[in-house]
Protein chains: 2
Amino acid sequence: MSSKPEINSRATSYDVARLAGVSQSAVSRCFKPGASISKKMRDKVVAAAEELNYQPNAIARSLISQRSHMVAILISSQINFYYPEVLFQLSDRFSKNGLRVLLFTINGEEDVADAIDQIWQYQADGVISASALSIEQHQLLQRRQIPVVMFNRYFYNLPTNTIWCDTESAVNEMISHLKDFGHSKFGLLRGPDYSMVSQERMRLVRQAIDTHGGQIVSESEGNYRYESAAAATQELMQHRVKPTAIIAANDMMAMGVLDELKNVMGKSVPADVSVVGFDGIWAASFASYELTTVRQPIGRMAEAAVEMIVDRIEKPTTSTEKRYLTGTFVQGTSTGPAKAK
Amino acid sequence: MSSKPEINSRATSYDVARLAGVSQSAVSRCFKPGASISKKMRDKVVAAAEELNYQPNAIARSLISQRSHMVAILISSQINFYYPEVLFQLSDRFSKNGLRVLLFTINGEEDVADAIDQIWQYQADGVISASALSIEQHQLLQRRQIPVVMFNRYFYNLPTNTIWCDTESAVNEMISHLKDFGHSKFGLLRGPDYSMVSQERMRLVRQAIDTHGGQIVSESEGNYRYESAAAATQELMQHRVKPTAIIAANDMMAMGVLDELKNVMGKSVPADVSVVGFDGIWAASFASYELTTVRQPIGRMAEAAVEMIVDRIEKPTTSTEKRYLTGTFVQGTSTGPAKAK
DNA sequence: GTGAAAGCGCTAACAA
DNA sequence: TTGTTAGCGCTTTCAC
């Protein structure tokens with residue numbers, strides 16, 4: 001009766017072993033899936049464990065087995081609806097895969113450096129980066145043998161594990177859709193210059209406009225955030241030749257464009273101007289916006305990212321891979337016939 | 001020259017000690033803030049550590065020191081803009097405090113139970129719960145001596161650490177504001193019945209309506225989510241006596257109400273109906289909504305939560321505390337003069 | 001199938 | 001101030 005450890009103090013595998021009258025290693029085996037152990041032994045141990053409320057100490061386990069079963073997620077803490085969607089999708093899936101999430105919200109370059117150190121110190125098994133990562137930082141992780149999967153970003157000419165959204169055909173559809181509505185004068189709202197996502201999207205847009213005909217009458221740059229769209233919209237619309245359709249590099253800014261046009265400039269969307277975005281975030285589907293956009297299959301991308309990192313953790317020699325998931329064109333009510341001249 | 005450990009294999013404090021020609025414990029001390037160590041020794045160790053790219057293994061440190069420096073955050077993964085705001089605020093602050101975040105996104109009751117086990121196994125130093133937690137689950141954490149801070153929820157008659165938003169005076173202002181606009185027929189859109197936040201908000205609303213005069217002509221219930229507002233709005237407006245102002249238990253639903261009224265029912269807001277919400281989430285301030293609402297000081301609440309859990313971690317005997325931060329009334333453009341009969 | 005024993009990498013007495 | 005030593009709680013050979 002007195003073999004119970006102090007109330008309040010946590011039971012260890014030794015306590016369980018003593019109570020069950022077996023060796024400590026037997027207890028360990030009992031909690032290791034697929035270990036060879038007789039039913040009788042298992043029952044004894046489980047009973048003792050239950051009585052003592054025993055659960056293995058994951059920290060000790062990590063130390064000896066060199067596997068923390070923790071995965072780090074790096075994600076921008078910028079207020080932007082895209083990141084939370086990605087984060088929650090990833091997190092939900094990691095827990096289903098028996099992995100814990102170590103969260104690092106990133107506000108600036110220093111945060112990344114710090115996160116990378118913590119990842120190293122805490123022996124995270126892998127990293128998903130949905131935040132800016134420099135080549136040096138990526139290489140540092142590689143040198144430390146920590147598998148990395150980049151979410152929606154990659155480096156040129158560098159083997160990386162990447163989940164990317166291929167929007168080429170969707171962009172084509174989008175421009176063709178605008179063209180069908182009679183649009184030929186486009187305004188472009190780019191993302192930040194350093195953003196590969198923005199570069200790629202804008203490249204595809206230009207290419208599609210070339211193909212389908214039309215011209216870009218004005219351009220401006222935002223920082224992906226809602227607020228940045230207000231000034232950018234003014235800039236786009238102040239041009240001598242006004243665009244009849246505005247293409248923003250992400251939904252967040254497209255929502256800002258729409259709001260500026262409707263609620264500040266007194267324009268009507270899509271009667272006066274059509275607006276399109278990229279991402280397919282949830283908010284873009286709200287009745288006040290109903291954006292026409294190119295949707296990323298965020299759920300499937302998260303699924304793929306988790307799968308990819310799990311594979312690399314289990315088999316570190318697995319070669320790098322880029323997975324391109326196809327984005328889809330989604331027609332909302334933010335686009336309509338171009339206003340007759 | 002050959003005392004360097006295998007390239008690729010991580011350096012330990014022993015490797016550093018060997019290279020620096022000192023004892024392993026000296027290395028340990030060097031990385032422990034405030035340990036007594038001579039400058040000369042520190043320089044030697046730091047140089048060796050740098051050469052080997054040494055950083056202490058946090059897992060081993062946690063095992064021996066019984067402090068993981070990890071804090072668990074439980075948060076609903078429901079698609080609702082409120083939670084991500086809270087999560088990012090908390091996470092940013094935890095990293096500033098030298099604590100790592102172990103994230104648990106919660107989809108249902110089972111997820112909570114699972115998270116609680118993981119928290120125990122991973123020896124999280126503390127827990128912030130911004131998700132539903134049963135009394136039993138809370139008590140289990142208490143029995144395991146893990147400090148818990150509840151974010152925006154608490155139990156009656158049970159000592160808990162809680163961060164709560166006091167909206168009483170703001171609600172009064174809100175109702176008085178509506179009254180000034182000539183509103184006297186209110187529609188209430190409650191949150192789920194089990195939600196204390198909703199109960200409290202609705203209680204204060206009723207109380208304020210009693211005080212200022214007016215009647216509740218119709219009521220319905222939603223689940224806090226945007227989508228649930230559509231049907232609820234129809235229900236509210238189908239009543240014989242129609243409300244001129246609708247009060248929703250959170251902004252997310254208020255946005256849904258506004259969209260249903262404007263974009264589906266063809267009403268004008270606030271000309272036909274006024275709409276108010278609770279929370280003060282970022283999206284509620286977008287030009288398409290500009291909700292009149294009661295704002296929670298989310299940043300300060302997060303700050304308080306972090307402070308509270310840090311205190312409890314450092315001094316476990318600290319008594320429980322409830323902190324009530326005051327919400328503020330924010331006037332948007334979703335409210336205006338009541339339509340003359 | 002089971003037990004004994006050797007660590008994983010670190011911190012924290014305790015001596016010197 | 002520094003080094004020696006004993007674990008933290010577990011996994012994993014290795015005998016039996």
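Atom set for the values below is all heavy atoms of this structure, side chains included, hydrogens, waters and symmetry mates excluded. Here the structure is a predicted model, which is why all the values come from computation and not from measurement.
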Flag the pair [X] / [Y] as yes when at least one side-chain heavy-atom distance between them is below 4.5 Å, and no otherwise.
{"X": "B/Val71", "Y": "B/Ile313", "result": "yes"}
{"X": "B/Arg100", "Y": "A/Phe104", "result": "yes"}
{"X": "B/Leu74", "Y": "B/Gln137", "result": "no"}

Using side-chain hydrogen bond (donor to acceptor under 3.5 Å, both in side chains), reason through A/Arg93 and A/Gln89 one step at a time and then give a plain yes or no.
CA-CA 6 Å; A/Arg93 285 180 169 75; A/Gln89 291 278 354; 2.5 Å; yes
Check the distance between [N]'s [atom2] and [X]'s [atom1] and give it to me in whole angstrom.
{"X": "A/Gln121", "N": "C/dT11", "atom1": "CD", "atom2": "P", "value": "10 Å"}
{"X": "A/Ile59", "N": "D/dG7", "atom1": "CD1", "atom2": "C1'", "value": "17 Å"}
{"X": "B/Ile37", "N": "D/dG3", "atom1": "CD1", "atom2": "P", "value": "9 Å"}

Ranges pairing with ranges for DNA chain C, where each run has three or more Watson-Crick or G-U pairs under 3.5 Å:
C:1-16 with D:1-16
Charged N to carboxylate O under 4.0 angstrom, A/Asp43 versus A/Lys40?
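Salt bridge between A/Asp43 and A/Lys40, a charged N being under 4.0 Å from a carboxylate O: no.
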Does the pair A/Asp311/A/Lys315 count as a salt bridge with the N-to-O cut at 4.0 Å?
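The answer is no: the pair does not qualify as a salt bridge.
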Short side-chain N/O contact from A/Ser62 to OP1 or OP2 of C/dC8, under 4.0 Å
no
At under 4.0 Å between heavy atoms, how does the protein contact nucleotides 8-16 of chain D? Give one character per nucleotide, 5' to 3', with B, S or -.
BBBBBB---
Are B/Phe31 and B/Tyr54, when compared by the centres of their aromatic rings, separated by less than 6.0 Å?
yes
For A/Glu321 and A/Arg312: C-alpha separation, side-chain torsions, deciding distance, then whether salt bridge (Lys or Arg N to Asp or Glu O under 4.0 Å) applies.
CA-CA 10 Å; A/Glu321 181 183 359; A/Arg312 285 354 176 245; 3.4 Å; yes
